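In what follows, a structure is listed as structure tokens, so that the remarks can point back to it.
Note that this is a predicted model, so its numbers are computed, not measured.
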Amino acid sequence: MTDSGIAAGEHLASGADGVQAALSPLGRLAHAPVSEHVGVFEQVLADLEAVLASVEDAGGRQPEAHDGRESAQ
């Protein structure tokens, strides 16, 4: 298992479930020595990048940001 609790070779779920799984190690920070925080952040970043890549590989499109203005047609 990695620090994130994901078994080696196991793929993260994509979408919201994958994001939640990737963020779960952040809950350990309150009880971990500060010297271990960087490693947790690096693992979370790597897991979030893997989730994003899996969504992109699956051809998933993210909704475009909407700034509240009407678009000209």
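- In terms of the side-chain contact (heavy atoms from CB on, under 4.5 Å) criterion, residue partners of Leu23 (sequence neighbours excluded) are, by chain and number, Val19, Leu26, Val44, Leu48.
- Taking Glu36 as the reference, Ala32, Pro33 meet the side-chain contact (heavy atoms from CB on, under 4.5 Å) condition, with sequence neighbours excluded.
- Of all the heavy atoms in Leu29 and His37, the pair that sits closest is O-NE2, 3.1 Å.
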